[in-house]
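Please read the structure below before turning to the comments.
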Amino acid sequence: MRRVRFHSYGGPDVLRLEEAAAPAPGPGELLVRTEAIGVTLPCVRRVRGDGNGGGDPLPAMPGGEIAGTVVALGPDVTGFAPGDRVTSLTLTGSYTELALAPAFLAGRIPDGASAVQAVALVRSGHVALAALSTAAPRGAESVLITGAASGTGHLAVQLAKLQGVSRVVAAVSSAAKAEFLRGLGADEVVTYGQESWGAPVDIVLDGVGGELLPRALAALAPGGRLIFFNSGGGTVPAYELLAGAKTITGLTMRHFSTVHRELYEEHRAQLWELAGSGRLRAAVHAELPLAEAATAHEIIEARANLGKVVLRP
């Protein structure tokens, strides 16, 4: 089989296409022949050694989400069979023709849905719904979303409006993304370089972090809450939290999917129902062959994508 790994930290040029033996699924695992692989900002940061990926042992395989067909089951796995079409998070990387996926994170792809649609919708949609459920918007509260044109961000914009949020502010790197986001329901679009991001909001969903984190916190109204679900790190002055009675809550899907297993399953069903009814649209910016993983990373690093970037083995 073919896979992409990196043997040193750096930019897209450190990604290497390799031949390797197929892995054997262990207890609780599925072996999946991938048809679509999601590319995300955390993947890019992991390859660079930024954020929380810097401690990974090398060589390593990037990636964390797949859609494809089950070819083998590990010991004690029930509820799946070879031939099932599934989408799943992965915990050991996903840039490969044959990926290992925890069975408890896998779900079937409905008939008629493509693998590309599945990988664009499910993992990013899970993150967006988990962030919104953690924030728990109430009544006429307002939400600002950083990285709003990303695979996760553009779904969060739509899901926030579907949940009745009265004012959704999309924060992005370029004003060229405004039309795309307004078409998805954003009430306002701001760019990171603007001096002001408009009136304060009740909730920030921060998918970028880093140098934007202090600005995201400052965008909150008194008593506001920020959900931090990125790998970008960042620091904030503690006094800002105290003086504004603001809170920051960290979110990782590994923790959320384990601790809130039933809610995770509810979210999966909700995503497919919304997509099937046409109320939620998972946009795909680019589909590239596995051998062009470096190009996919270049798109993400340039913040050029409107929606999901997908690799096809």
Side-chain angles (χ1 to χ4, degrees), residues 38 40-42 64-67 86-91 101-102 104-110 113 117-139 141-171 181 184-187 201-209 216 225-231 247-284 307-308:
T40 65
L41 181 58
E65 54 189 277
I66 58 167
V86 299
T87 182
S88 182
L89 304 184
T90 64
L91 304 179
F104 81 92
L105 291 177
R108 286 180 177 80
I109 299 173
Q117 180 188 13
V119 85
L121 175 72
V122 176
R123 184 267 181 188
S124 295
H126 269 305
V127 175
L129 279 178
L132 284 165
S133 71
T134 302
R138 303 180 293 269
E141 286 191 317
S142 53
V143 174
L144 182 145
I145 300 165
T146 66
S150 68
T152 296
H154 86 288
L155 295 178
V157 168
Q158 297 172 75
L159 290 165
K161 294 303 291 185
L162 287 169
Q163 292 186 10
V165 172
S166 63
R167 174 176 165 243
V168 174
V169 182
L181 289 162
L184 297 177
D187 299 292
V201 295
D202 302 294
I203 296 166
V204 170
L205 307 183
D206 184 15
V208 178
R225 48 211 189 273
L226 186 150
I227 311 303
F228 187 81
F229 60 93
N230 64 80
S231 59
T247 61
I248 297 178
T249 302
L251 170 70
T252 68
M253 289 312 300
R254 185 187 294 237
H255 179 268
F256 186 91
S257 61
T258 301
V259 174
H260 304 289
R261 187 77 59 90
E262 291 185 3
L263 185 55
Y264 184 82
E265 292 300 325
E266 290 176 15
H267 284 173
R268 189 200 314 279
Q270 182 180 355
L271 289 167
W272 281 117
E273 190 278 326
L274 290 170
S277 66
R279 288 178 289 167
L280 180 65
R281 178 168 69 90
V284 177
K308 197 73 173 177

Discussion item. Taking the side chain as everything from C-beta on, heavy atoms only, tell me whether V143 gets closer than 4.5 Å to R167.
Written reply: no

Practice prompt. Find out whether E265 and F104 are in side-chain contact, i.e. whether some heavy atom of one side chain is under 4.5 Å from a heavy atom of the other.
Written response: no

Practice prompt. Step by step, work out the side chain to side chain contact (heavy atoms under 4.5 Å, CB included) result for V165 and E141.
Written response: CA-CA 6 Å; V165 172; E141 286 191 317; over 6 Å; no

Discussion item. I need the L271 CG to R123 CZ distance, nearest 0.5 Å.
Written reply: 12.5 Å

Worksheet item: Hey, are the side chains of D206 and N230 touching, using non-hydrogen atoms and a 4.5 Å cut-off?
Response: yes

Item to complete: Return the minimal non-hydrogen interatomic distance between A118 and A67, and the atom names on each side.
Response: CB-CB, 4.1 Å

Worksheet entry | Shortest non-hydrogen separation from P137 to Q163 and the atoms involved | CG-OE1, 4.0 Å

Practice prompt. Evaluate ring pair (Phe, Tyr, Trp, His ring centres under 6.0 Å) for Y264 paired with H260, printing each intermediate quantity in order.
Written response: CA-CA 6 Å; Y264 184 82; H260 304 289; over 10 Å; no

Fill in: Pairwise side-chain contact, H267 with F256, heavy-atom cut-off 4.5 Å (strictly under)
yes

Discussion item. For a side chain to side chain contact (heavy atoms under 4.5 Å, CB included) check, start with the C-alpha distance between F228 and V204, then their side-chain angles and the critical distance, and finish with the verdict.
Written reply: CA-CA 8 Å; F228 187 81; V204 170; over 6 Å; no

Item to complete: With the side chain counted from C-beta on, respond yes when L159 and L280 share a heavy-atom pair under 4.5 Å apart, and no when they do not.
Response: yes

Worksheet, complete the sentence: For T146 and G207 the tightest heavy-atom approach is OG1-N, 2.9 Å

Discussion item. As an exercise, state the distance from OG of S150 to CD1 of I145, rounded to the nearest 0.5 Å.
Written reply: 9.0 Å

Fill in: S88 OG to L105 CG distance, which is reported to the nearest 0.5 Å
5.0 Å

Worksheet item: Applying side chain to side chain donor-acceptor pair (under 3.5 Å), which residue pairs with at least one partner in residues 151-162 are found, sequence neighbours left out?
Response: K161-D187

Fill in: Heavy-atom side-chain contact between E65 and T90 under 4.5 Å
no

Discussion item. Show the nearest heavy-atom pair for residues V119 and G38, with the distance to one decimal.
Written reply: CG2-N, 3.6 Å

Discussion item. The criterion is side chain to side chain contact (heavy atoms under 4.5 Å, CB included); which residues satisfy it with E266, sequence neighbours excluded?
Written reply: L263

Response to the item:
Minimal heavy-atom distance between T87 and R268, with the atoms involved, is O-NH1, 4.3 Å

Discussion item. Are the side chains of V201 and V169 in contact, using a 4.5 Å heavy-atom criterion?
Written reply: yes

Worksheet item: Roughly how far, to the nearest 0.5 Å, is the CG atom of L274 from the CZ atom of R281?
Response: 14.5 Å

Item to complete: Looking only at non-hydrogen atoms, find the nearest pair between L155 and G125 and report the distance.
Response: CD1-N, 3.5 Å

Worksheet item: Could you give the distance from CG (L129) to CD (Q270), rounded to the nearest 0.5 Å?
Response: 5.0 Å

Worksheet entry | Side-chain heavy-atom pair L205, I227 within 4.5 angstrom cut-off | yes

Response to the item:
Residue set satisfying side chain to side chain contact (heavy atoms under 4.5 Å, CB included) with A120, at least two apart, ordered chain then number -> A282, V284, K308

Discussion item. Assess whether a salt bridge exists between R279 and E273, defined as any Lys/Arg side-chain N lying under 4.0 Å from an Asp/Glu carboxylate O.
Written reply: yes

Fill in: R108 (side chain) donor-acceptor with V86 (main chain) under 3.5 angstrom
no

